[in-house]
Every structure is written in structure tokens, then in C-alpha cells.
Amino acid sequence: MIILLGPPGAGKGTQAKKLKAAFQLKHIATGDILRQEVQRGSELGKTAGKLMDAGELVPDELVAEIVRNCLEGLPEGQGIILDGFPRNVWQAEFLDRILDGQNVHVINIKVDEREVLKRLSGRRYCKECGKIHHVSVPPSHSLDRCDACGSALVQRKDDREEVVSERLNVYWAQTYPLVNYYSSRNTYHEVDGNREVSRVFESISKIVDTIGHDRV
Ligand code: AMP
């Protein structure tokens with residue numbers, strides 16, 4: 001199992017999708033699952049949506065249950081990427097308990113705060129296929145349509161400036177301590193996430209190659 005760590009806007013989702021395709025991994029993104037619940041209007045979605053729109057974390061027990069369900073029933077030996085989980089020490093301890101000694105490789109994508117702000121304010125995603133775009137990156141800059149499927153691009157509610165600052169506060173207070181939680185393990189890795197997507201992917205792929213992707 002691979003955990004992608006890093007602040008909002010580090011590129012965890014983008015890199016996870018590329019890793020999934022390159023290494024046939026199962027991608028579990030708690031933020032994506034929660035957004036689907038919001039869209040479906042489920043009870044979970046109603047509870048989660050308000051917190052997400054405010055940049056707060058959804059209660060640990062709810063997210064832990066989602067992750068437990070996703071992990072259950074996966075074929076033996078299936079490699080997994082966790083994106084957006086764990087988000088705090090409680091969740092990391094929960095994961096350690098359910099994995100019961102199974103190896104977890106943590107890849108921390110380090111990005112400067114200025115870069116994060118630039119990325120989040122310009123981020124747009126496709127409501128249909130989920131592809132992430134940035135207003136400054138051609139060809140998307142001239143389009144309000146997804147360059148993969150042609151559907152409308154939208155801004156995540158929590159990418160608005162006032163919510164981004166709260167998400168960063170939450171990151172530093174609750175998620176950043178996970179670096180300390182994992183960094184003493186020899187399965188902890190760091191990459192420089194300030195570079196372009198393909199360069200970051202190269203670095204991450206090298207790590208996954210050395211782990212041996214049949215064991216992730
Ligand atoms: P993300 O797409 O990972 O940026 O997540 C979007 C939002 O979903 C977060 O700001 C939280 O409100 C919620 N969320 C996602 N993952 C978690 C998690 N592991 N624990 C609590 N809340 C989460």
C-alpha cells in the first residue's frame with residue numbers, strides 16, 4: 001500500500017491517477033468518495049458537505065468506515081494507493097490497526113505554500129470525468145470545457161480563497177504531524193512536488209519501482 005501525503009494542491013490526486021494507470025493499483029481517494037456522496041444527497045453526503053465546504057475535516061469514524069469498506073473484498077495482493085487518508089494521527093493509528101503489520105509506503109509530496117495557493121486558486125475539474133485542469137495550463141486556459149470529454153469545468157467550492165486558508169490551517173495542525181508519525185520508518189519517502197507533473201511522476205515511479213509494485 002502506498003499513502004500519498006502532502007498539502008492540498010500537492011498533486012496527490014493527479015499523481016495517484018497516473019500511478020493507478022502505470023502500476024495497476026486501486027486508487028482510494030476519500031475526498032472523491034465524499035464528493036460523490038454529496039452529489040448523491042445521501043445522509044453521509046449531507047453531514048460531510050457542510051464540513052467540506054468550510055474546509056474542515058469530516059469526522060474520523062465516518063471516513064474510517066469508508067476506507068474499511070473500500071479495503072474489504074479486494075483481491076489478495078492488490079496494490080493500493082490511498083489519497084487523502086490518513087489525514088491525522090487518529091486515522092494513521094486506525095490504518096495501522098486494520099493493516100496489522102502489512103507494509104505501508106508513504107510518499108510525501110512536498111510543495112511550497114506559494115505554489116499551493118497558485119495551484120488551488122486556478123484549479124478546475126471536470127464534473128463528468130473528474131479530470132483536473134489548471135487555468136494557466138494550455139490548452140485548458142482558453143476553454144471552460146474539459147479537454148478529455150468536453151464537459152463543463154467547475155471550481156471546487158473548497159478551492160475558493162476563504163476556504164483554502166482554512167484547509168491549510170487544518171493541514172498544518174492535523175495532517176502535517178503525520179510526517180513525524182511516519183518519517184522514522186524506512187518506508188517513508190519524500191519527493192519535491194514543486195516541479196511539473198511529469199517530473200514529480202518520474203520521481204514517484206522510481207520509488208514505486210524500488211518498492212516492487214507487486215508488494216505495494
Ligand atoms: P480532498 O479531495 O482530499 O482535498 O478532500 C476534500 C475534503 O474532504 C477535505 O477538506 C475534508 O473535508 C474531506 N476529507 C477528505 N479526506 C478526509 C479524511 N481522511 N478525513 C477527514 N476529512 C476528509
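What's counted below: heavy atoms across the whole structure, side chains too, no hydrogens, waters or symmetry copies. Because the structure is a prediction, the values reported are computed rather than measured. Numbering of ligands and ligand atoms starts at 1, following listing order.
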Note to self: Could you tell me if Glu190 and Tyr188 have a donor-acceptor pair between their side chains, going purely by distance under 3.5 Å?
What the structure shows: yes
Note to self: Between ligand 1 and Val58, is the shortest N or O to N or O distance under 3.5 Å?
What the structure shows: yes
Margin query: With respect to Gly84, determine whether any N or O atom, backbone or side chain, lies less than 3.5 Å from an N or O atom of ligand 1.
Written below: yes
Next item on the list: Would you mind running through ligand 1 and noting each atom that sits below 4.0 Å from a heavy atom of Arg35?
Entry: 2 (O), 6 (C)
Item checked: Arg167 neighbourhood, listing ligand 1 atoms whose heavy-atom distance to it stays under 4.0 Å -> 4 (O)
Next item on the list: Verify whether one side chain among His189 and Asn108 offers a donor that lies under 3.5 Å from an acceptor in the other.
Entry: no
Check: Can you list the ligand 1 atoms lying under 4.0 Å from a non-hydrogen atom of Leu34?
Finding: 8 (O), 13 (C), 14 (N), 15 (C), 23 (C)
Check: Can you name the nearest heavy-atom pair linking Asp159 to Arg167, along with the distance?
Finding: OD1-NH1, 2.8 Å
Check: Given Val111 and Arg119, is the side chain to side chain contact (heavy atoms under 4.5 Å, CB included) satisfied, shown in steps?
Finding: CA-CA 10 Å; Val111 185; Arg119 288 185 190 179; 4.2 Å; yes
Notebook entry, point to check: For ligand 1, which atoms sit closer than 4.0 Å to a heavy atom of Glu56?
Noted result: 11 (C), 12 (O)
Show me, pair by pair, the donor-acceptor contacts under 3.5 angstrom made by side chains of residues 50-69, not counting sequence neighbours?
| unit_1 | atom_1 | unit_2 | atom_2 | d |
| --- | --- | --- | --- | --- |
| Asp60 | OD1 | Asn88 | ND2 | 2.9 |
| Asp60 | OD1 | Gln91 | NE2 | 2.9 |
| Asn69 | ND2 | Glu65 | O | 3.3 |

Margin query: Out of all atoms in ligand 1, which are within 4.0 Å of some heavy atom of Thr30? Include the element for each.
Written below: 15 (C), 16 (N), 17 (C), 19 (N)
Next item on the list: Examine Arg156 against ligand 1 and note whether any of their N/O atoms are separated by less than 3.5 Å.
Entry: yes
Notebook entry, point to check: Among Arg87, Met52, Lys50, whose heavy atom sits nearest atom 9 (C) of ligand 1?
Noted result: Arg87
Checklist line | Ligand-side contact atoms (ligand 1) for residue partner Gln91, heavy atom cut-off under 4.0 Å | finding: 18 (C), 19 (N), 20 (N), 21 (C)
Notebook entry, point to check: Going by distance only, is there an N or O of Asp83 that falls short of 3.5 Å from an N or O of ligand 1?
Noted result: no
Next item on the list: Measure across Val38 and Gly45 and return the closest heavy-atom pair with its distance rounded to 0.1 Å.
Entry: CG2-O, 3.5 Å
Margin query: With ring pair (Phe, Tyr, Trp, His ring centres under 6.0 Å) as the rule and sequence neighbours excluded, what pairs involving residues 51-104 come up?
Written below: Trp90-Phe94
Note to self: Heavy-atom distances under 4.0 Å decide this one: backbone, side chain, both or neither, for Val63 against ligand 1?
What the structure shows: side chain
Checklist line | Exceeds 12 heavy-atom contacts within 6.0 angstrom, atom NZ of Lys131 | finding: yes
